[in-house]
Each structure stands twice: as structure tokens, then as C-alpha cells.
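Since we're looking at a predicted model, the values are computed, not measured. Computed from heavy atoms alone, side chains included, the values below leave out hydrogens, waters and symmetry copies.
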Amino acid sequence: MKIRLSFISLFFTLLSCHKEIPVQKEPCIESEAITDSITKVLVYEKKDWPDGYGNAIKINSKTWFKVVGFLYLDRKLLGIKLLCIDSDNNLAEDISISNFLFKPDCYEVVSTNINDRSKVHAEYCSHHADIVIDEYVLDTTAVNMLELFQIDTINKIIEGNFAISFVYSNNRPKRNPFEPDRIRYFNGYFKGVYYE
């Protein structure tokens, strides 16, 4: 009888300790490695991270950028601006990503037309303060993704990752000849305040 009770006790103990293993979610954006000397890489470093900012490595030099989000179309769509500042505190680069839903999800960035609200749009400009130097459009031949994984509606903060490529598409020569024709941002991270 003692052996039987021991087995029953062991059986219930094993059942009570059994936990289901959660299903591992596939990453929205794959981590990438630098493959050339002209690639721009946004890297998240936890230490010394100011609120609402990110940092970037641009061909061996580190840059900070401010993240600003904005809600539009009856609070259904969201857009973000990543505003890179140079060492003199002037606007140096501006990445805009818009027309994605105001909910955590993985979004494919596919549009070069900002007015098409049904598709996620992105564009890039280099600046010298308030003067636009060169404008780039989305490279639609690349894999361009945005992941919005956190929305804090109390503090109005959004957080996510992205990987996006841009190409120079103007008919005129680039004003800054040192900028490449194609720019790839990957391993990108953003966290900042959004406005309604």
C-alpha cells in the first residue's frame, strides 16, 4: 500500500510541476552584420541612454538622434521621425517612417508615396541645419521592416526596431559627394515620445 501511495504521490507531484513551454516567436527583424565600409548602423547601447534618444554609428563615427512620434487619422496611424544631430547641435539627418498602425506589430515598409495611407512609407534626408542637402527614397528592392513592440499610452512612449534601405533618386548630382548612392540602416532601435 505504501508503494502505491508513493507512486500516486509522485504522479501528482510530476503533474503539478509540468509547465507548458511557451512558443518562441520568430523575430520580426533579423540581426545583420556590417558588410562594407559605407554602411550606416544604428546600435542600441543600454548604458548612458537618454530618454527619447537613440545613437547611431555612421561609418565609424557615433551620432545621437532624437525620436519623435505622431498620431494621425483619428488615432489609427502612427509616424516617427529620427532626427540626427551633429556635434554643433544642428540637424544632420532626418529619417521619416509613416503610415503604420498604432498597435504593436511587425510592418513591412514598402511605399515611396507618403500619400498612400494603406502602405508604410519611409524617406531619408541629409541636412545642414535647416537646409536639405540630399534626399533619398525607399529602396524597394531591399527588405525593409519596422517593428513596434511597445506602446506606453500613459507616458506616451513608443519603442521598436527597424531595418531600412534608401537610394539616391534625384536627377541632379548629390550635393554631398561623400554620401553613398545607397544607405542601409539596420539593427535600428528607437524609443521616444509620441504626440497626438
Side-chain angles (χ1 to χ4, degrees), residues 22-32 40 42-44 49-56 63-85 90-127 129-170 183-196:
V23 177
Q24 292 291 326
K25 183 180 159 186
E26 288 290 322
C28 169
I29 301 172
E30 295 290 330
S31 181
E32 298 178 36
K40 298 183 180 189
L42 296 180
V43 193
Y44 172 58
W49 188 270
D51 288 338
Y53 281 78
N55 68 0
T63 307
W64 290 94
F65 62 90
K66 182 166 180 63
V67 180
V68 180
F70 47 93
L71 270 174
Y72 53 96
L73 284 183
D74 298 330
R75 299 179 39 95
K76 292 182 180 162
L77 293 180
L78 185 67
I80 61 171
K81 280 206 165 276
L82 305 169
L83 305 171
C84 298
I85 307 300
N90 291 317
L91 182 61
E93 298 176 76
D94 174 1
I95 303 167
S96 298
I97 308 168
S98 54
N99 301 337
F100 55 97
L101 295 176
F102 184 55
K103 70 175 192 168
D105 206 348
C106 191
Y107 301 96
E108 191 173 3
V109 183
V110 295
S111 179
T112 58
N113 180 2
I114 193 168
N115 295 320
D116 184 355
R117 303 287 190 196
S118 65
K119 297 176 183 167
V120 182
H121 166 267
E123 60 189 16
Y124 165 85
C125 295
S126 60
H127 290 261
D130 59 347
I131 299 169
V132 174
I133 304 297
D134 289 313
E135 297 172 299
Y136 290 69
V137 296
L138 184 71
D139 180 357
T140 55
T141 64
V143 175
N144 302 304
M145 301 296 292
L146 172 104
E147 179 183 22
L148 182 62
F149 59 78
Q150 178 88 21
I151 299 175
D152 178 348
T153 57
I154 295 169
N155 297 310
K156 306 264 194 243
I157 293 175
I158 52 173
E159 187 174 6
N161 295 314
F162 63 95
I164 299 177
S165 291
F166 300 98
V167 291
Y168 185 76
S169 66
N170 291 320
I183 298 172
R184 174 85 176 152
Y185 281 96
F186 60 91
N187 302 341
Y189 171 85
F190 64 90
K191 181 178 182 181
V193 175
Y194 69 88
Y195 299 93
E196 297 184 40

What distance do Ile164 atom CD1 and Ile95 atom CD1 have between them, rounded to the nearest 0.5 Å?
->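 Output value for this atom pair is 7.5 Å.
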Measure centre to centre between the rings of Tyr124 and Phe166, then say whether the value is under 6.0 Å.
->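 Centroid distance Tyr124-Phe166: below 6.0 Å, so yes.
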Tell me if a side-chain donor or acceptor on [X] pairs with a main-chain N or O of [Y] at a distance below 3.5 Å.
X      : Y      : result
Thr112 : Leu138 : no
Asp94  : Lys81  : no
Asn144 : Val110 : no
Tyr107 : Leu101 : yes

Side-chain donor-acceptor pair under 3.5 Å between Asn113 and Ser111, yes or no?
->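 Asn113 vs Ser111: no donor-acceptor pair found between side chains.
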Decide whether Asn99 and Tyr72 meet the rule of one side-chain donor and one side-chain acceptor closer than 3.5 Å.
->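 There is such a pair between these side chains.
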Aromatic ring pairing Phe190/Phe162, orientation class (parallel under 30°, perpendicular over 60°, tilted between) |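 Tilted: the ring planes of Phe190 and Phe162 meet at 30° to 60°.
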Ring geometry between Phe102 and Tyr194 (parallel below 30°, tilted from 30 to 60°, perpendicular above 60°) =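 Aromatic pair Tyr194/Phe102 classed perpendicular.
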So do [Y] and [X] actually touch side chain to side chain, heavy atoms under 4.5 Å?
X      : Y      : result
His127 : Glu93  : no
Lys191 : Ile157 : yes
Glu196 : Arg75  : yes
Asn161 : Cys28  : no
Asp130 : Leu91  : no

Heavy-atom neighbours of Lys76 NZ exceed 12 at 6.0 Å |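 No, not enclosed.
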